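What follows is a short report on a single structure.
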2 protein chains.
Amino acid sequence: MIRVMLAEDQNLVRGALAALLGLEEDLEIVAEAADGDEAVALAGRVRPDVALLDIEMPGADGLTAAARIRAAVPGCHVMILTTFGRPGYLRRAMEAGASAFLIKDGPAEQLAAAIRRVVAGERVIDPALAAAALSAGPNPLSQRERDVLVAGSGGATIADIATRLHLSEGTVRNYLSSAITKVGVRNRIEAAQTAERNGWL
Amino acid sequence: MIRVMLAEDQNLVRGALAALLGLEEDLEIVAEAADGDEAVALAGRVRPDVALLDIEMPGADGLTAAARIRAAVPGCHVMILTTFGRPGYLRRAMEAGASAFLIKDGPAEQLAAAIRRVVAGERVIDPALAAAALSAGPNPLSQRERDVLVAGSGGATIADIATRLHLSEGTVRNYLSSAITKVGVRNRIEAAQTAERNGWL
DNA sequence: CGATCACCCTGACATAAGTCACATGCCCGG
DNA sequence: CCGGGCATGTGACTTATGTCAGGGTGATCG
């Protein structure tokens, strides 16, 4: 019997996934979490064979939770299940020690199969996604460039960003400018969006 | 036996929902669609008792599909199932003749119950959401104001928007300015985001 | 019929955003 | 221990945005 933990913030989707996996004879849902912190805590207590983590969750996101669970529960295989097949996400998932990276667009029939393969020691990654991650190259942005992009993504003005980050306005402008240049777009809005899309933030 | 059609673009979620509903004795999944257009076509052929539609789908979105299905299959109850409980979405769903508006955050156990209530002729809406939709008031933006906001949401410059909409740059600036004023924010980025959040686009 | 409103445009203006050149200091790898 | 990259800053500059004050049209409605 494979003992599975489920972490997904949308109740209905989580329940539906539990129903889907419950149909399999050799799988057992032993815990369900609604956010990253709860997932880490539960994994420590329940020690499941597999932790299936969504990325987009309140609190600690799935990637952070993955790293923590790997550190705290060595025998637990971590699988990432996400809506967005962003190259940067895949990269970070691998760095966090994940055994699988699945997107919610994928075929429902193969989820259980993926879990079994992971338990058998395999790694499960969509080949197309792996290629995209490799061809996209690593994150070109420096820490500070990422900071100003996220701080400004909500429509904040340069002055706002400078205040929030305790920087001078000129510095913020310079970071934004270099980020825009690196990403190869025309303004910070496009920069924030493409960076987001690639999982660079 | 209640005959249910499922429309949801994420394969895995759709399969999981099917598994969840398949556990109920009195429910039967008679069709599954991956986008709005397919949902309309299938509903016309299969004539289900209930159509469970996601909003965020490629092609025709769930709200558009809801209106079309209501027109083409009068006996079919349409239920909206969405990630985002945006007031404008709820309003549009009601105008499209939907019988229920559920968010994916909600409790999984109540989905089947909601379907039964809808078939019995009830309307199922989250009370908190209904209150929010009423207090938020109707969409304050004019058609053109919405147009410029969506055209500019990808980081496009004023000139880009003007070209795409066959308008003069000054006109675009004016629409953006009035949209910003109406929404009560400081720039078009915030305007686009809050409008999006409220389901005004 | 006249008021009102969405729609479209122009021109002028103030401010915000983005670019460039050039500093300083820190730390890390060759 | 020196070069290069990153973090941080300044000042000057160009361009993009947002605001204001107008002036036209056509449709709708009391």
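Numbered from 1 within each chain, the chains take letters A, B, ... in sequence-line order. Keep in mind it's a predicted model, so treat the numbers as computed, not measured.
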What does the list of N/O pairs under 3.5 Å between the protein and nucleotides 27-30 of chain C look like, with a distance for each?
none

To the nearest angstrom, how far is [X] atom [atom1] from [N] atom [atom2]?
X      : N      : atom1 : atom2 : result
A:H166 : D:dA7  : NE2   : P     : 17 Å
B:I158 : D:dT17 : CD1   : P     : 5 Å
A:I189 : C:dA16 : CD1   : P     : 16 Å
B:I161 : C:dC8  : CD1   : C1'   : 16 Å
A:L141 : D:dC6  : CG    : P     : 11 Å
B:R188 : D:dG18 : CZ    : P     : 5 Å
A:D147 : D:dC6  : CG    : P     : 14 Å
A:N187 : D:dA16 : CG    : C1'   : 10 Å

Notebook entry, point to check: For A:T64 and A:D61, does a side-chain donor sit closer than 3.5 Å to a side-chain acceptor?
Noted result: yes

Taking only the side-chain nitrogens and oxygens of [X], find out if one of them lies under 4.0 Å from OP1 or OP2 of [N].
X      : N      : result
A:T171 : D:dG9  : yes
B:S168 : C:dT10 : yes
A:R144 : D:dC6  : no
A:S177 : C:dT19 : yes
B:Y175 : C:dC7  : no

Regarding [X] and [Y], does a basic nitrogen lie under 4.0 Å from an acidic carboxylate oxygen?
X      : Y      : result
A:R116 : A:E122 : no
A:K104 : A:E8   : yes
A:R164 : A:D147 : no

Margin query: Within the 4.5 Å heavy-atom criterion, are B:V183 and B:W200 side-chain neighbours or not?
Written below: yes

Margin query: Please determine whether side chain to side chain contact (heavy atoms under 4.5 Å, CB included) holds for the pair B:Y89 and B:E56, giving the CA-CA distance in whole Å, both sets of side-chain angles, and the decisive distance to 0.1 Å.
Written below: CA-CA 11 Å; B:Y89 278 4; B:E56 292 81 22; 3.4 Å; yes

Next item on the list: Please determine, for the side chain of A:S142, which listed nucleotide (D:dC6, C:dC7, D:dG9) has the closest atom?
Entry: D:dC6

Item checked: Options D:dT19, D:dG9, D:dT17, nucleotide nearest the side-chain atoms of B:T157 -> D:dT17

Check: Base, sugar-phosphate, or nothing: which does A:R173 touch, judged by heavy atoms less than 4.0 Å apart?
Finding: base

Check: So what does B:R186 hit on the nucleic acid, given a heavy-atom distance under 4.0 Å: a base, only sugar-phosphate, or nothing?
Finding: nothing

Note to self: Can you say whether a donor on the side chain of A:N174 sits under 3.5 Å from an acceptor on the base of C:dG18, or the other way round?
What the structure shows: no

Next item on the list: List the steps and the verdict of side chain to side chain contact (heavy atoms under 4.5 Å, CB included) for A:R188 and A:I161.
Entry: CA-CA 12 Å; A:R188 66 212 185 102; A:I161 306 174; 3.7 Å; yes

Item checked: Nearest non-hydrogen partners of A:L42 and A:A33, listed with the distance -> CD1-CB, 4.1 Å

